[in-house]
2 protein chains.
Amino acid sequence: MRPTVHDIAERAGVSLATVDRVLNDRPGVRGVTRAKVEAAIVELGYVRDVAAANLAKSRVYPLVFILPEGDNPFMRGLEDEVRRAGAHSLVERTQLSVVTVPAFDGRALAREIDSAIERAVAGIAAVAVDAPEVLAAIGRAREAGIPFVTLVSDLANSGRDHFIGVDNIAAGRTAGSLMGRFLGQRPGPVAVLAGSMRVRDHGERLEGFLAAMSAMPVSRAILPVLEGQDDPELSFQLIAECLAEVRDLAGIYSLGAGNRGLVRALAAGTGRNLCVIAHEVTDETRAALEGGLVDAVLNQDAGHEVRSAIRVLRAKADGLPVIAAQERIRLEIFIKDNLPSEPGMDDTPGPAGN
Amino acid sequence: MRPTVHDIAERAGVSLATVDRVLNDRPGVRGVTRAKVEAAIVELGYVRDVAAANLAKSRVYPLVFILPEGDNPFMRGLEDEVRRAGAHSLVERTQLSVVTVPAFDGRALAREIDSAIERAVAGIAAVAVDAPEVLAAIGRAREAGIPFVTLVSDLANSGRDHFIGVDNIAAGRTAGSLMGRFLGQRPGPVAVLAGSMRVRDHGERLEGFLAAMSAMPVSRAILPVLEGQDDPELSFQLIAECLAEVRDLAGIYSLGAGNRGLVRALAAGTGRNLCVIAHEVTDETRAALEGGLVDAVLNQDAGHEVRSAIRVLRAKADGLPVIAAQERIRLEIFIKDNLPSEPGMDDTPGPAGN
DNA sequence: CTGTTAGCGCATTCAC
DNA sequence: GTGAATGCGCTAACAG
């Protein structure tokens, strides 16, 4: 049997309360006493039973996810995953909530962060916007001792505890590499559709894409980036225009969330046989992949990201270490043949273990 | 606050013990009483606190992984992952052990399964071999009420509780699709290196590969399958021979674990510019991918598989449902650009949350 | 500064 | 058939 607090209390010749004090390093213990207890802990190889601890604390963990509002399908998918995780969360003493803020609005995000701090939540996960207000708000969360993770888009210098998302430069490189191979010797320029270059992850993807394309044996022109603001209508117009003007277009890389407009334009421009690579599996991209309109979709698993965020926030809240290998979000490549079946319908209701 | 056993005892006008009896449906409760309690459970929306239950039971879960022995790097990787999970497992009241048996030996596997049943373990995970003895042994595990999951290679009609691994037909299709696209118009036949066609997953991968290749616009000859028994030396010879004889060879699909021999032969046959697709990220395939000897590697994440097996076995042991979406093992596609950094060095030691 | 005591939610002997 | 009492490993009042 594993050693318990009783064993270490006995071994150190102190009471349970004292053991508990040094375990949770709370004040009110003399240095000598503390040392004795710590020695006993090491000698017995004690590891705290987190389940029992949480039971005793009967602590609940209110966690808040702050996501951009609007009809960005990936973000709505993230939101769905949070709610789905919420269904299982009672068992894990975790209380999930979602709030949405206008996209790309640093001030609004900062306000929401402060509000969460006010409510004394146990952890915050947010899609970061690159703005000074946000940086400051994250700093305040840190000061309040509230764990903070960035989701999907990072803010590395903010002091956040963890970033949960993919390496976007590598994602861009992967897209470029696939595009180059799929096109082979075929001539013609490539277009890039982005949301906005003011968003960090979009910029990084472009950077990686350009690097990989220029490393290809066949050199190929990349047209000036089209910024569709992740808006379906604007994206549609930009792509439709491009298709009309550039008759020998060979491929399109859609690195943002403007896929609905992209797909509409592709469907209209019949028989062009382009190589198209997009990001995030959504209803639109899934259908386009299955229909042959899109050749590959790069994806980050929203469900994994949400569960990872929860695990990391809870670990930080409990002062536990994080299993890095488990929390690394992979960049998934999907083609028609390895597309997983529709999500959502495959979940089992009821309480669950983990 | 969530309702507890006390609440439902009070509501039903019975004692804790009685509530417990119906919760764990044990005998010794009158029909009427049982009905009252069950009504209260439903009305209050009671869900059992598994953590507290396990604490009270002070139950530990001895789980056993039965893996093929030998120098198959993927299997050794799986074993490493089990040990790694074992380091965190104390916290989760789980006791992991690994036993190895000769590869492809149904009788040896069956014997080991029986031994595990004998020891009354709480769950068994095994790489299935397609043999009647194994089928029978899995049946005995079921009768003994011991949860059983198949790992990597399934045995669907065995009555196992769950399969943890990828869809191998889809894996083969994906390989075929990528091979076709990467080759494009380039002429020449394609070779297939397998371990043994008597293994189910290898057969399924071949099936998918052939289907995808034949669906390609450019028709292409597939050479007779080379069976390397997953043996480095034999695989090397087969591939070296093939390279020597088939001067216009366009590609190789390695669907088994003979990659060490494959890579050696590729390295020797300089400047042949083949399209090579292999399975499982190991030291060899990683290096080959980085060095340009291999174009793509299809992978199943061993760490995820092990953790999934543990979660599923525990859930089954506790009679809890499984979160299907979380337990589905994805088929990962790796090219040079999205290869994750070396695993193993990125783990944090010490106790962990999950 | 340190120790005693009473739970957290559940399972399990024992009596009745 | 049913209930009361005790303990799992830990935390948190409250005393001393």
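This one's a predicted model, so the numbers in the text were calculated from it and none came from an experiment.
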* Below 4.0 angstrom from OP1 or OP2 of D:dT2, is there any side-chain N or O of B:Arg30? -> yes
* To do: Could you state the atom-to-atom distance from CG of B:Asp20 to P of C:dT12 in whole Å?
  => 7 Å
Please write out the pairs of protein N or O atoms and N or O atoms of nucleotides 14-16 of chain C separated by less than 3.5 Å, giving the distance to one decimal.
none

* **Protein-nucleotide distance (A:Leu44, atom CG; D:dC10, atom P), rounded to Å** => 12 Å
* **Qualifying residue for side chain to side chain contact (heavy atoms under 4.5 Å, CB included) with A:Met75, from A:Asp80, A:Val127, A:Leu151** => A:Val127
* So, is B:Asn54 close to the D:dC8 phosphate, meaning a side-chain N or O under 4.0 Å from OP1 or OP2? -> no
* To do: Would you mind reading off the distance between A:Ile8 atom CD1 and C:dG3 atom P, rounded to a whole angstrom?
  => 13 Å
* Asked: Can you tell which of D:dG3, D:dA12, D:dT2 lies closest to the side chain of B:Val14?
  -> D:dG3
* Whole-Å distance between C:dG9 C1' and B:Leu23 CG? -> 11 Å
* Does CD belonging to A:Glu79 count more than 12 external heavy atoms closer than 6.0 Å? -> yes
* Structure fact -> Separation between CD (A:Glu10) and OG (A:Ser15), nearest 0.5 Å, reads 13.0 Å
* List in chain and number order the residues that pass side-chain hydrogen bond (donor to acceptor under 3.5 Å, both in side chains) with A:Tyr61, two or more places apart in sequence or in another chain; answer none if no residue qualifies. => A:Asn54, A:Asp318
* Would you indicate which nucleotide in C:dA11, C:dT4, D:dT11 comes nearest to any side-chain atom of A:Ser15? => C:dT4
* Test side-chain contact (heavy atoms from CB on, under 4.5 Å) applied to A:Val98 and A:Ile66, step by step -> CA-CA 6 Å; A:Val98 181; A:Ile66 310 179; over 6 Å; no
* Who pairs with B:Glu69 by side chain to side chain contact (heavy atoms under 4.5 Å, CB included), at least two apart in sequence or on another chain? -> B:Thr100, B:Pro102
* **Qualifying residues under side chain to side chain contact (heavy atoms under 4.5 Å, CB included), relative to A:Ile329, sequence neighbours excluded** => A:Ile164, A:Val166, A:Gln300, A:His304, A:Glu305, A:Ser308
Polar pairs (N or O, both sides) under 3.5 Å between protein and nucleotides 5-8 of chain C?
residue, atom, partner, partner atom, Å
C:dC8, O2, A:Leu55, O, 3.4
C:dC8, O2, A:Ala56, N, 3.0

* Asked: In whole Å, what is the span from the CG atom of B:Asp49 to the C1' atom of D:dC8?
  -> 13 Å
* Asked: Closest to the A:Arg26 side chain: D:dA12, C:dC10, C:dT4?
  -> D:dA12
* Structure fact -> Taking D:dT11, D:dG9, C:dG9 as options, the one with an atom nearest any side-chain atom of A:Arg48 is D:dT11
* Presence of B:Thr18 side-chain N/O under 4.0 Å of D:dT2 phosphate oxygens OP1/OP2 -> no
* Round to the nearest Å and state the distance from A:Asp7 atom CG to D:dG7 atom P. => 16 Å
* Asked: Excluding sequence neighbours, so at least two apart, what forms salt bridge (charged side-chain N to carboxylate O under 4.0 Å, His left out) with A:Glu43?
  -> A:Arg11
* **Trace of the side-chain contact (heavy atoms from CB on, under 4.5 Å) decision for B:Val121 with B:Gln95** => CA-CA 10 Å; B:Val121 299; B:Gln95 239 168 16; over 6 Å; no
